[in-house]
Amino acid sequence: WVLMATGRSPTNIAVIKYWGKRDEALILPVNDSISVTLDPDHLSATTTVAASPAFPSDRMWLNGKEIELTGGRFQSCLREIRKRARDVEDKKKGIKIKKEDWEKLHVHIASYNNFPTAAGLASSAAGFACLVFTLGKLMNVNEDYGELSSIARQGSGSACRSIYGGFVKWCMGKNDNGSDSMAVQVVDESHWDELVIIIAVVSSKQKETSSTSGMRDSVETSPLLQYRAQTVVPGRILKMEEAIKNRDFESFARLTCADSNQFHAVCLDTSPPIFYMNDTSHRIISLVEKWNHAEGTPQVAYTFDAGPNAVLIARNRKTATLLLQRLLYCFPPQDNDLDSYMLGDKSIL
Ligand code: DP6
């Protein structure tokens, strides 16, 4: 027999960034972070997990290609879910699995992204959130979302925030064992649904420096990182939560842009410096800054992760349409600088 479960998780975009770990193995961050979860129709991972006594080992396929499961991160997630597994009974198929049997049962996992991995947008966030969620479903794990988020965190830090929709805060926690480092929902997906998120794919190349190794280098060499984590981010987190709760776009946009810029300043402050943005990214920042300045109040926020692609958040659908027109004007389709646009129709879950 084979028992299967399928799940889907969207990716998330941080508006107050996570950059730097205080514990590499447990993936514990140096500061809190806040993100917005995207609509699963646009950027998400879909994962099917199957368990059978006929499987001699655990195996995984990503977008149809088998990948090695040697990494500790995958094993941590699987181990934590297995620990919490409960009895499962499928009367129709005549299957009865006792909770202790899950230790001996191997799993096969097939995961797909609904966006091209090569687009440089492939985030481990959706993948690990989906893996943990779906394994939990298969093994009848009954933990709350906070607990699941702390397991997903051990796959990839940003994954802990993809367990929820809407705006989500990852609380860094204080405990050495990571038990209080988990995500909580700030507001759900219906709270601020006029926002529209546009992703401008500046380069479809894979990033040169992964987030994991980039942030390790920053922790070891950037004096700005310590200042940011201890002095700047705590105040920004409070202000960002307020802005989100009050749907105060002006504060939201100022904080989002400032935090993206400080994160990239930390990257430049790293030795050797890390350049995630390129000239096109800088041109997009100028375009938005000039527009916001001309309007007197922000209309669009920008944020960039560990790559050159721009995530643009427009205050409403009308502004999003104008933004797309401006982007198309500045970067005509024949301009190879900008590969494509991805417009989230209803971008917030
Ligand atoms: C710039 O979560 O990919 O996107 O924990 O090592 O897997 P690991 O790193 P990852 O880092 C994400 C960094 C970021 C900012 C953010 O999402 O908060």
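Remember, predicted model here, so these are calculated numbers, not experimental data. Order of listing sets the numbers, starting from 1, for every ligand and every atom in it. Positions are given from 1, in the same order as the sequence printed here.
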Is atom [atom1] of [X] surrounded by more than 12 heavy atoms (other residues, nucleotides or ligands) closer than 6.0 Å?
X	atom1	answer
Tyr227	OH	no
Asp176	CG	no
Asn177	CG	yes
Lys174	NZ	no
Lys83	NZ	yes

Below a 4.0 angstrom heavy-atom separation, can you tell me which part of [X], side chain or backbone, both or neither, approaches ligand 1?
X	answer
Glu24	neither
Ala125	neither
Ile27	side chain

Report yes if some N/O of [X] lies less than 3.5 Å from some N/O of ligand 1; otherwise report no.
X	value
Tyr18	yes
Ser156	yes
Asn12	no
Gly157	yes
Lys17	no

Look at the rings of Trp19 and Phe263 and say which category their plane angle falls in: under 30° parallel, 30 to 60° tilted, over 60° perpendicular.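 Ring orientation of Trp19 relative to Phe263: tilted.
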
Can you label the angle between the Trp192 ring and the Phe249 ring as parallel, tilted or perpendicular, going by 30° and 60°?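 The rings of Trp192 and Phe249 stand perpendicular, inter-plane angle above 60°.
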
Report, in ascending order of atom number, the atoms of ligand 1 lying under 4.0 Å from any heavy atom of [X].
X	value
Ala14	16 (C), 17 (O), 18 (O)
Ser158	2 (O), 3 (O), 10 (P), 17 (O)
Ser124	3 (O)
Phe263	1 (C)
Thr212	6 (O), 7 (O), 8 (P)
Arg73	6 (O), 7 (O), 8 (P)

Six-ring centre of Trp291, Arg326 cation under 6.0 angstrom, axis tolerance 45°: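 Flagged: Arg326 positioned over aromatic ring of Trp291.
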
Set of side chain to side chain donor-acceptor pair (under 3.5 Å) partners for Gln75, sequence neighbours left out: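 Gln75: no side chain to side chain donor-acceptor pair (under 3.5 Å) contacts found.
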
Below 4.0 angstrom, N of the basic side chain to O of the carboxylate: do Asp259 and Lys17 qualify?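 Answer for the salt bridge query: no.
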
Counting heavy atoms only, which of Gly155, Ser211, Pro29 comes nearest to atom 3 (O) of ligand 1?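 The residue whose heavy atom sits nearest atom 3 (O) of ligand 1 is Ser211.
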
Options Lys21, His264, Met215, ranked by nearest heavy atom to atom 6 (O) of ligand 1, top entry: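 It is Lys21 that holds the nearest heavy atom.
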
